[in-house]
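Each remark here refers to the structure printed beneath this line.
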Amino acid sequence: MQQNSNKAIVIGSGIAGIASAIRLKTKGYSVIVFEKNAYPGGKLSSFESGKYRFDAGPSLFTMPHFVDELFELAGKNPRDYFQYVKHHKSCYYFWDDGTKIEAESDIKKWSKKVSETFHTEEGIIERKLQKAAKINQTIGDLFLEQSLHRVKNILNLKTLKAIFKISDLDIHKSLHQANQDDLKHPKLVQLFDRYATYNGSNPYKTPGIMGVIPHYEHNVGTFFPIEGMNSITTSLVKLAEDIGVEFVYNSTVDEIILDKTQKRVEGIMINGDFFEAKLIFSNMDVYFTYNKLLPNVKYPKKTLSQERSSSAIIFYWGVKKEFPELDLHNIFFTNKYKDEFEAIFNAKTMYNDPTVYINISSKIAKKDAPENAENWFVMVNAPANEAQDWDNLINETRKNVISKINAVLKTNIEKLIETEEILDPRTIESKTLSYKGSLYGTSSNSKFAAFLRHPNFKKNIKGLYFVGGSVHPGGGIPLCLLSAKIATNHV
Ligand code: FAD
């Protein structure tokens, strides 16, 4: 077998697969991306339903500089490919008792609204966000921007032990406990507990260090691509093609082929055809990479048996009315948050008073819906797929979601729905080969979760790398982009 080949193969065109392809190409490799679907992007894709356009998955865009840096790396001007704006309202929050608050990106304005709405002491928001910034400063680089699995990167155990001892990081409390200690007011605590769901975790279990997440949303800001979230995918695919990456769609990789010693990759098999490569980057969920593509490789049992993140049921509704009281991101909270997480992570079922998230991209991207109408992406958190009776759960959830929306908005939403599509844990799993339909790979429901995620490389197999939401540093667009950066830096 040719050992001096400069061919790299990427399995899957999720955001991390595309980013890896671009990075490998700029390193001088000849790169082919094989994608099972007829379209790129995996979870970050879009579709049309009647006169409406919907982003299928992610709706919240943070840390756009990680996208921009890919264009810069390739010597291009990001603005020639991809446009986004800062969104000044991070989210509108609603409760059944009529309480509502619009979270502003301007911290002073938001802080004022919080003290007016919840009668909390002044400065509480500023202090909370300063703490979030401090957590980011202390651990951001170490945990997110490099491999945790190379000894020299963990610096040394001493540093790690020192970090675990910093009480302000709240590592030894749950996120809920940390929020309770800092914020006191139950609705404000609930609002900050919600950040656990940004990586599919349970605020009553995930460590308080996840209090870093509001830093990215408020101190750095939330953004929106003016052509919709899917333009992150389309603009990066365009960049990749412009610099010479080849994409092959409708092609499911069946196996990764190793050499006789089982210590080096040789290529992949698709439908009985062999494709040679020196480097193989798997953007397929790491669980399925081992189970389907590496049948003869020893299975890292502990790593692959970690609890999966939550999944979701999404109703994509074309709504023939505009709702000025809603914005791009809206949350309708449950009355019993703890019970909702108990249902999702312990009973592994849907909760009967779910927290409902409504994203309406047509608030900004006007052409996503016809005039006087809006495209509603209505999402509720769901357990990972364990073969529950989903048809029944979806029917029940739909009723519960509609009655919550009707009660809060004083409307009859069902009469206004003119198109409907549904995504659920089963279809998330089948469309993107995400084990159990999890949105973010493994959950962060333990303080050791970061260390138990699969590394971005395979120690004893040369040329094999892992990228995407199921491996280090975790799920969500920015972290998937970082997985590509970490993995390609190790090539
Ligand atoms: P994936 O998107 O998982 O794609 C993997 C790709 O590999 C797929 O296209 C699949 O078809 C392909 N593939 C798999 N196996 C093979 C094979 N054997 N051969 C060929 N191709 C293969 N993140 C955010 O940052 N903000 C959000 O607001 C947000 N909301 C979300 C809402 C939903 C409903 C979902 C589903 C996810 C959300 N996420 C969000 C998470 C985010 O979408 C993911 O973390 C991220 O997109 C995962 O990217 P990935 O690179 O792991 O690849």
Side-chain angles (χ1 to χ4, degrees), residues 9-21 32-45 54-64 66-67 91 197-200 213 216-217 222-224 229-230 232-233 236 247-256 268-271 280-289 291-294 309-316 328-329 357 359 361 377-382 422-425 427-435 437-441 466-471 473-484 487:
I9 285 177
V10 178
I11 304 170
S13 67
I15 186 69
I18 303 168
S20 301
I32 306 186
V33 181
F34 289 104
E35 167 56 53
K36 156 182 102 61
N37 294 328
Y39 55 87
K43 298 181 182 74
L44 187 50
S45 54
F54 293 93
D55 286 311
S59 53
L60 178 67
F61 184 36
T62 53
M63 298 196 265
F66 290 133
V67 176
C91 191
T197 66
Y198 282 33
N199 59 24
I213 299 173
Y216 307 119
E217 181 162 313
T222 64
F223 299 81
F224 187 77
M229 294 296 285
N230 184 48
I232 302 173
T233 294
L236 287 176
F247 286 82
V248 185
Y249 297 105
N250 301 307
S251 297
T252 302
V253 173
D254 300 315
E255 192 173 346
I256 294 172
I268 54 146
M269 296 298 293
I270 297 181
N271 250 336
I280 294 176
F281 272 60
S282 179
N283 183 209
M284 185 186 201
D285 189 308
V286 66
Y287 181 88
F288 286 130
T289 303
N291 274 279
K292 294 183 190 281
L293 307 189
L294 293 165
S309 83
S310 54
S311 186
I313 295 175
I314 301 119
F315 303 96
Y316 305 89
L328 178 62
H329 304 287
Y357 167 67
N359 172 255
S361 70
F377 166 107
V378 180
M379 176 168 129
V380 289
N381 291 317
I422 300 173
L423 189 70
D424 65 67
T427 41
I428 294 172
E429 179 158 8
S430 61
K431 283 186 175 178
T432 63
L433 295 185
S434 185
Y435 180 47
S438 73
L439 306 190
Y440 300 96
F466 301 84
V467 293
S470 67
V471 295
I477 298 166
L479 300 197
C480 288
L481 291 169
L482 286 172
S483 73

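Numbers here are sequence positions counted from 1. Each ligand, and each atom within it, is numbered from 1 in the order the structure gives.
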Provide, to 0.1 Å, the distance between [atom] and the closest protein heavy atom, together with that atom's residue and name.
| atom | answer |
| --- | --- |
| atom 11 (O) of ligand 1 | E35 OE2, 2.7 Å |
| atom 21 (N) of ligand 1 | K36 N, 3.0 Å |
| atom 47 (O) of ligand 1 | K43 CB, 3.8 Å |
| atom 46 (C) of ligand 1 | C480 SG, 3.8 Å |
| atom 15 (N) of ligand 1 | M284 CG, 3.1 Å |
| atom 25 (O) of ligand 1 | I477 N, 2.8 Å |
| atom 53 (O) of ligand 1 | G14 CA, 3.4 Å |
| atom 42 (C) of ligand 1 | P58 CG, 3.8 Å |

Quick one: does [X] get within less than 4.0 Å of ligand 1, heavy atoms only?
| X | result |
| --- | --- |
| S311 | no |
| S434 | no |
| A19 | no |
| M229 | no |
| A312 | no |

Can you tell which part of [X] has a heavy atom less than 4.0 Å from ligand 1: side chain, backbone, both or neither?
| X | result |
| --- | --- |
| L433 | side chain |
| Y440 | side chain |
| D254 | neither |

Check: [Y] and [X] side chains under 4.5 Å, non-hydrogen atoms:
| X | Y | answer |
| --- | --- | --- |
| F377 | D55 | no |
| Y216 | M63 | yes |
| N359 | L328 | yes |
| V248 | I270 | no |

Kindly compute the distance separating [atom1] ([X]) from [atom2] ([Y]), expressed to the nearest 0.5 Å.
| X | Y | atom1 | atom2 | answer |
| --- | --- | --- | --- | --- |
| F466 | S483 | CZ | OG | 12.0 Å |
| I15 | L236 | CD1 | CG | 5.0 Å |
| E255 | L293 | CD | CG | 8.0 Å |

Please indicate whether any nitrogen or oxygen in [X] is less than 3.5 Å from any nitrogen or oxygen in ligand 1.
| X | answer |
| --- | --- |
| V253 | yes |
| L293 | no |
| I428 | no |

Please state which option from A38, S309, S470, G57 has its nearest heavy atom closest to atom 33 (C) of ligand 1.
G57
Should we say atom CG of N250 is surrounded by more than 12 heavy atoms from elsewhere, each under 6.0 Å from it?
yes
Should you measure from each heavy atom of N37, which atoms of ligand 1 turn up under 4.0 Å away?
9 (O), 11 (O)
Y198 vs T62, test: side chain to side chain contact (heavy atoms under 4.5 Å, CB included). Steps then yes/no.
CA-CA 11 Å; Y198 282 33; T62 53; over 6 Å; no
CA sep, side-chain torsions, deciding dist, call: Y357, T197, side-chain hydrogen bond (donor to acceptor under 3.5 Å, both in side chains)
CA-CA 11 Å; Y357 167 67; T197 66; over 6 Å; no
Just say parallel, tilted or perpendicular for the rings of Y435 and Y287, cut-offs at 30° and 60°.
parallel
